[in-house]
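The structure under discussion appears below in the form of structure tokens.
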Amino acid sequence: MNRNYVVCECTGVTAGGVEQAVKEGARTLEDVKEKLGVGKQCVKCKDLVSILVDSYVEDLEG
């Protein structure tokens with residue numbers, strides 16, 4: 001996914017922001033929610049962010 005793709009319209013967080021959060025230690029959707037504030041307002045992004053977190057963690061931990 002394009003790193004500049006906005007995954008949370010409420011906060012403006014991008015796929016790259018989620019990836020960076022994972023690189024900095026976030027390992028779950030809850031971790032990313034706490035760190036970036038995604039999924040706390042309208043929650044439309046929750047499923048996509050969860051998929052991205054899982055994918056980035058898998059890539060990182062191989």
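Only a predicted model underlies this, so the values are computations on that prediction, with no experimental measurement involved.
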Checklist line | Heavy-atom closest pair, residues Glu61 and Arg27 | finding: OE2-NE, 3.0 Å
Margin query: Counting only heavy atoms not in Glu24 (residues, nucleotides, ligands), do more than 12 fall under 6.0 Å from its CD?
Written below: yes
Margin query: Here's a test for you: under side chain to side chain contact (heavy atoms under 4.5 Å, CB included), which of Leu52, Thr14, Leu36, Ile51 qualifies with Val7?
Written below: Leu52
Margin query: Just so I know, are the side chains of Thr11 and Gln41 near enough to count as touching, which here means a heavy-atom distance under 4.5 Å?
Written below: yes
Check: So do the side chains of Val18 and Met1 get within less than 4.5 Å of each other, counting heavy atoms only?
Finding: no
Notebook entry, point to check: Counting only heavy atoms not in Lys44, do more than 12 sit closer than 6.0 Å to its NZ atom?
Noted result: no
Notebook entry, point to check: Is there a path from Val53 to Leu60 through hydrophobic residues (I, L, V, M, F, W, Y) whose side chains come within less than 4.5 Å of each other?
Noted result: yes
Margin query: Hydrophobic cluster membership, with links at side-chain heavy-atom distances under 4.5 Å among I/L/V/M/F/W/Y: are Tyr5 and Tyr56 in one?
Written below: yes
Margin query: Rounded to the nearest 0.5 Å, what separates atom CD in Gln20 from atom CZ in Arg3?
Written below: 7.0 Å
Check: With hydrophobic residues grouped by side-chain heavy-atom distances under 4.5 Å, do Val6 and Val32 end up in a single group?
Finding: no
Check: So, for Gly39 and Cys45, which heavy atoms are closest and what is the spacing to 0.1 Å?
Finding: N-SG, 3.5 Å
